[in-house]
Amino acid sequence: MNERTWMAKPYPSECIGLADEGHHLSCGKVSYHRRCLEPFLHEKRININRLSGKLSGYKDASKPIFLSKEEAAKIPASTLKTNAIKEPASVNGLFKFSTTDQGSQLNQSVRKADKSHASGKSSRISSYVAVLRNCAKHRDLHKGRLLHEDIMKAGFLEECSDALVTMYAKCGLLTKAKEILNTYPSRDVLSWTALISGYAQKGLGKDALDYFEKMQGAGLSPDAVTFACILKACGSIGAADKGERIHDEIAYQGLLESDVVLGTALVDMYAKCGALGKAQQVFQKLFSRNVITWSALITGYCQHGEGAKAFECYEQMQCENLFPDAKTYACILKACGDIRELDKGEKIHDEILRQGLLDNDIVLGTALVYMYAQCGVLIKAQETFNRLPYRDVTSWSALIEGYTQHGQCEKAMEYFEQMRAEGISPNVVTFTSMLKACAAVGAIAKGEKIHDEISKEGLLGSSILLDTALVDMYAKCGVVSRAHKVLNGLYSRDISTWAALIAGYAQQGHCEQAIICLEQMQEEGLSPDHTIFSSLLNACSHLGRVDEGHMYFALLTKRFGVKPDLEHYTCIVDLLGRAGHIDKAVRVIQEMPYSNNIEVWSALLAACRQWGNTYIGKWAFEHAVQLDKKNTAAYVIMADLYASAAMREDAKGIQVLGVENEA
DNA sequence: TTAGGGTTAG
């Protein structure tokens, strides 16, 4: 006897077990062979899958089907294949089931009997199905299509439809799979799941969800595999609400406790949707975890900018004696890049080399390029890039973005051309980096060319990041009207898109236009945030436009309800002070919710020196040194202020005080 | 028929 312990929800005493193909499972008083029962259950409109529950995450687990006593009573005794060997024994609320050799023998004999009774027709169908399954397994679309034609000619389309759906789905020809499924409504969860899985794998989450609904509408219930696929789909489109409902269903069916794959899919779904707290919560409750589960969580943290947290998990995972593989390294390298952890990144690089993981792994190689580029070690990024076995658009993009980000825009543009010369077409990411590079160096002609290409390829509107980079490029190059035109043509825009345009107007000193934009974005349900606030104040400061700056400050705090932060206060105090409006600057400081900040007082003090205001200057100085006795700059400025006002004694006094406090 | 990886905006 081949025995294995399954963890399961308390075994429902009123149910019987039903064995699936392959292994015989004795998990109740009576067992049936699933294949023998299916026709009967269909006839009686008992939904076999609705009743099924999976006891384990093991690949070769049987799928017992639980029936209520009433439903079991409807099953004719003739389909009864064997009696169970033993009752499951409860240990600590878990149950122990056994797979038996006797069961396998039974299944074999059933197959033999089936074969001997099979007519010529059904044996032809069986062999078609078997070959189709083989095509699916080896992704042999060509052979699968030929077979499809044969089957059509032989008139067995209906009988083979499930296998055809699965074959097309596995081979990635989803339209064909869908077409067949729509023509021949399937009763087979496996075929539905294959199609749903196909959509999920291609990132077509919406289609996967559609078919998930359709499948249930047809009276079929998803199994653990379907759930895993649909969770992936939810993650890919950020459908956290739907994912949460699926989670409830999975928990209700008790599938989570023993199925690490399902648990991982759940962690990944929440992580991809950015619900990291929830992902962590699910993760901690799992009965078992492996390196994939950990990686799903780590990736979640990486993708949502929590590099430090990702690192914590990475360390913790190893404390639990689980060791990273190429995929874990790829995502942790991204975290190293994000949080500029060059040392850690280099150590991981060594480890990767030691394990020989880099040889044919372009994803891992690109992650290394990214890490070095982000950390500003462009030579190493370049070196790593040069050693890649081959390059794709992502590895090029990582390098190009690295050069752009570190101000080497000409180099970025050169590589952009080189990439194309090697026959690789840019994608939205590459275009975005290029627009950023054009913006940084004011290369308007080049930027326009890229704009043309983006339009020609129909990419405009496909990525809000790209759209924003385009608006920003025109704004930074000083053609704000063009930036506005682009923005107007966009179907969707967010705070960042508006921010790029508003910053453009502010930098050109077009205050009225900037305000119109603020109003328009508010009409679209978007409120200006801290970054927009800063860009407006900085622009005014840069242009020396005091009144405008003061007006923006009042407008944003009072009308748009943005709470100014310290940077905004410092900026406005500096702006007013430098323009000689010491009284206004003092009023802003007095109205500040938190005045104990050295930078604000320093800005005021500097303005007082500029305008020779010893009275307010002394006041600012006292606050500044109260916060930091060793504020050398404050002593120097104050002494200078007194000296220029011919208050020599006071100047000397401050100097002495400064030296004393320095010691 | 099932789980994890690399590049993008103000």
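Residue numbers begin at 1 in each chain, while the letters A, B, ... track the order of the sequences.
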message = I need the CG-P distance between A/Leu399 and B/dG6, as an integer number of Å.
response = 18 Å
ask   = Rounding to a whole Å, what distance do you find between A/Asp338:CG and B/dT8:P?
value = 8 Å
remark   = Per atom distances to the A/Ser197 side chain, the nearest of B/dG10, B/dT1, B/dG4 is B/dT1
N/O donor-acceptor pair, side chain A/Asp494 with base B/dG10, under 3.5 angstrom = no
query = Taking atom types as they are modelled, is there a donor-acceptor pair under 3.5 Å from the base of B/dG5 to the side chain of A/Asp361?
reply = yes
inquiry  = Counting only side-chain heavy atoms from C-beta out, which of B/dT7, B/dT1, B/dG6 sits nearest to A/Ala136?
reply    = B/dT1
inquiry  = Just the rounded figure in Å: distance from P of B/dG5 to CG of A/Leu358.
reply    = 19 Å
inquiry  = Any side-chain N or O of A/Lys232 below 4.0 angstrom from OP1/OP2 of B/dG4?
reply    = yes
ask   = Is the closest basic N to carboxylate O distance between A/Lys242 and A/Glu213 below 4.0 Å?
value = yes
query = Under 30°, 30 to 60°, or over 60°: which ring-plane class applies to A/Tyr474 and A/His451, parallel, tilted or perpendicular?
reply = perpendicular
ask   = Which of residues 467-483 of chain A sit near DNA chain B, with a heavy atom under 4.0 Å from it?
value = A/Thr468, A/Asp472, A/Lys476
message = Among B/dA9, B/dG5, B/dT7, which nucleotide has an atom closest to any side-chain atom of A/Ile464?
response = B/dA9
query = Counting heavy atoms not belonging to A/Arg420, are there more than 12 under 6.0 Å from its CZ?
reply = yes
task = For A/Asp338, check salt bridge (Lys or Arg N to Asp or Glu O under 4.0 Å) against everything at least two apart and list the hits.
result = A/Lys334
request  = Tell me which nucleotide among B/dG5, B/dT8, B/dA9 gets nearest to the side chain of A/Val428.
outcome  = B/dT8
task = Please determine, for the side chain of A/Ala194, which listed nucleotide (B/dT1, B/dG5, B/dT7) has the closest atom?
result = B/dT1
ask   = Just checking A/Thr531: base, sugar-phosphate only, or nothing, at a heavy-atom cut-off of under 4.0 Å?
value = base
inquiry  = Measuring from the side chain of A/Ser397 (C-beta onward, heavy atoms only), which nucleotide among B/dT7, B/dG5, B/dA3 has the closest atom?
reply    = B/dT7
task = Looking only at side-chain atoms of A/Gln303, point me to the closest of B/dA3, B/dG6, B/dA9.
result = B/dG6
key: Aromatic plane relationship, A/Tyr505 with A/His510 - under 30° parallel, 30 to 60° tilted, over 60° perpendicular   = perpendicular
task = Determine whether any donor atom in the side chain of A/Thr328 lies under 3.5 Å from an acceptor atom in the base of B/dG4, or the reverse, and answer yes or no.
result = yes
query = Are any of A/Gln201's side-chain N or O atoms less than 4.0 Å away from OP1 or OP2 of B/dA3?
reply = yes
request  = Check every atom of B/dG5, B/dG4, B/dA3 against the side chain of A/Ala296 and return the nucleotide holding the closest atom.
outcome  = B/dG4
request  = List in chain and number order the residues that pass side chain to side chain contact (heavy atoms under 4.5 Å, CB included) with A/Asp162, two or more places apart in sequence or in another chain; answer none if no residue qualifies.
outcome  = A/Ser186, A/Asp188, A/Ser191
query = Taking NZ, NE, NH1 and NH2 as the nitrogens, is one of them in A/Glu417 or A/Lys446 under 4.0 Å from a carboxylate oxygen of the other?
reply = yes
task = In plain terms, say whether A/Glu341 and A/Lys344 are close enough for a salt bridge, that is, a side-chain N and a carboxylate O under 4.0 Å apart.
result = yes
request  = State whether the distance check finds a donor on one side and an acceptor on the other, under 3.5 Å, for side chain A/Asp529 versus base B/dG10.
outcome  = yes
request  = Using whole Å, report how far NZ of A/Lys436 lies from P of B/dT7.
outcome  = 13 Å
task = Could you check how far CG of A/Leu322 sits from P of B/dG4, rounded to whole Å?
result = 18 Å
task = Would you mind reading off the distance between A/Tyr301 atom OH and B/dG4 atom P, rounded to a whole angstrom?
result = 18 Å
message = As a test of reading the structure: which of B/dT8, B/dG4, B/dG6 is closest to the side chain of A/Gln374, going by heavy atoms?
response = B/dT8
note = Winner on side-chain proximity to A/Thr394, out of B/dG5, B/dG10, B/dG6, is B/dG6
